[in-house]
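No hydrogens, no waters, no symmetry mates; every other heavy atom, side chains included, goes into these values.
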Number of protein chains: 2
Amino acid sequence: MARPSRTSQMPNLRESIRDVAWRQITESGASSLSLRRIARELGITAPAIYNYFSDRDALVTALIVDAYASFGDCQHEARNAYPGSGWEVDCLRAIGIAYRRWALDHPHRYLLIFGKPVPGYEPPMQEILPVMMRSLGALLATIGELHALGRLEVEGVPLPLLEPAHRFFALMETADEPMLAVYAVAMVIWSRVHGFVSLEITGQLPPFAEKGEALYGFELDSICRQFVRSQDR
Amino acid sequence: MARPSRTSQMPNLRESIRDVAWRQITESGASSLSLRRIARELGITAPAIYNYFSDRDALVTALIVDAYASFGDCQHEARNAYPGSGWEVDCLRAIGIAYRRWALDHPHRYLLIFGKPVPGYEPPMQEILPVMMRSLGALLATIGELHALGRLEVEGVPLPLLEPAHRFFALMETADEPMLAVYAVAMVIWSRVHGFVSLEITGQLPPFAEKGEALYGFELDSICRQFVRSQDR
DNA sequence: TTTAGAAATATACGGCGTATATTTACAATG
DNA sequence: CATTGTAAATATACGCCGTATATTTCTAAA
């Protein structure tokens, strides 16, 4: 009992809105996203968008989920390039390199995910957590394998708290202590990688312009040296 | 009616505008800054602000300079607490701890400086570079001292490019190679510290809520172990 | 053929930054 | 003291924005 009215002229308006939004974001940044501009470009009126997204924040959330999906794909592709055992360190490096590559290729998407996206917007965690955890999954799995092989150096790494009140509790309540150590190491690695990449794509690492890759490689080496024990122990 | 004798009621309107802007930022975030809200709170009309700031971006720039000044003070205070020689490692740690403390105490200022401040705003580098370099100065000086003492481990650290076309060239053209190594190590340390702190203040390190300090301490230890040679070599 | 309801429009409100023209208060000058 | 130039405020207006409300248009099901 509905009306696919525009179906003839504009089949998937919801997807068209998302597409145009992405184009505007990649052209002029996430903060300049405007429902009216999207509508203008699609030849419709602004309130029409409210038939597909309850408000601007809902659209932003959908875009963030998209971005996480693309980012997660890139992470898991890197991981899947090193199947089997014995290549965990190479896999770790590949994930790190893919992380930076994706960020450099999609700086606006990266900032949309990890920065302060749009003025008044606060991301709804229960919608974003799944895609967020999926994209962390590649890193977690690889570190987990290293741990299972006894090659993960975890001495001195503080473990996270697990209180029932915590948002992440549901995800982690079945985790044993080794899993917590894996998680902690992942967080440290993530924070290092994120620090470098976010400075680089916001242009705050200027003297290293063309040498960013070398300095990033140095950081990946540092990570491997610190957290991975050599194969022949 | 036009100009009531405001000079009597409100002597330093320019400073009052900045104060109110800071209050609004610390209360509701940098992105919700609004000239009209500021004017309303001061009992003046919005265009009156244009007598003191040429446009909204000029106000934001002034706020960023303020924030850098406060941040730089915090960094140099930490450094000055360890005068003389022999305490360089403690000094390095103190600077790192002060960095996180300041960010946690002033998250909005931190994001104003290092994040994507306001929608369409692009910071004018020639205004910001001085205060930015000053706040990096504490870290640079301490690492420089370690280097002068032969205690800085720089093996494998890639050096930055120094091309005349570069914005930073004027600052660095007198630098010799050791100075470049010092600069490179400072960038690595900065990116690690920034990565952790920015994730923490944007709430993306959830399971470590109360354990953030411990994990951060672990990172500072990692930095010292990697880049500082023990005193008795 | 009728009709319920989805999807679009028209219109409007209050917010924003800011450009323009106008008015006022004050200080320096004659 | 009177005049006047100017800086600082106001009034007004324009074009953006997100979005709420009411209304129209179309179509699929009854």
What's the [atom1]-[atom2] distance between [X] and [N], to the nearest Å?
X: L35(A); N: dA8(C); atom1: CG; atom2: C1'; answer: 16 Å
X: R56(A); N: dC17(D); atom1: CZ; atom2: C1'; answer: 9 Å
X: R36(B); N: dC14(D); atom1: CZ; atom2: P; answer: 14 Å
X: I44(B); N: dT24(C); atom1: CD1; atom2: P; answer: 19 Å
X: D55(B); N: dC16(C); atom1: CG; atom2: C1'; answer: 14 Å
X: I17(B); N: dG17(C); atom1: CD1; atom2: C1'; answer: 15 Å
X: I38(B); N: dG17(C); atom1: CD1; atom2: C1'; answer: 12 Å
X: N51(A); N: dT9(C); atom1: CG; atom2: P; answer: 9 Å

**Study point:** Residue pair S198(B) / Y110(B), side-chain donor-acceptor N/O under 3.5 Å
**Key:**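 Absent: no donor and acceptor within the cut-off.
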Check your understanding: Contact class for Y52(A) vs. all strands (heavy atom < 4.0 Å): base, sugar-phosphate, or nothing?
Key -> sugar-phosphate
Check your understanding: How is T45(B) classified with respect to the nucleic acid when contacts are heavy atoms under 4.0 Å: base, sugar-phosphate, or nothing?
Key ->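 Contact class for T45(B): base.
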Review point. With nearest nucleotides of DNA chain D determined for P47(A) and R37(A) from heavy-atom distances, which residue corresponds to the more 5′ nucleotide?
Key: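 Going by which nucleotide is closer to the 5' end, it is R37(A).
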Review point. Is there a donor-acceptor pair under 3.5 Å between the side chain of Q75(B) and the backbone N or O of A98(B)?
Key: no
Exercise for review: From the options dA9(D), dG15(C), dT11(C), select the nucleotide whose nearest atom is closest to the side chain of R40(B).
Suggested key: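 Among the listed nucleotides, the one closest to the side chain of R40(B) is dG15(C).
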Point to revise | Nearest-nucleotide pick for Y50(A), side chain only, options being dT19(D), dA13(D), dA8(D) | key: dT19(D)
Check your understanding: Rounded to the nearest 0.5 Å, how far apart are CE of M187(B) and CG of L205(A)?
Key -> 6.0 Å
Review point. Can you say whether the rings of F114(B) and Y99(B) are parallel (under 30°), tilted (30 to 60°) or perpendicular (over 60°)?
Key: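 Ring orientation of F114(B) relative to Y99(B): parallel.
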Point to revise | Residue pair L139(A) / A186(A): nearest heavy atoms and the distance that separates them | key: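 Shortest heavy-atom contact: CD2-O, 3.8 Å.
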Review point. If only side-chain N and O atoms of S34(B) are considered, is one of them under 4.0 Å from the OP1 or OP2 phosphate oxygen of dG17(C)?
Key: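 Answer is yes, contact under 4.0 Å.
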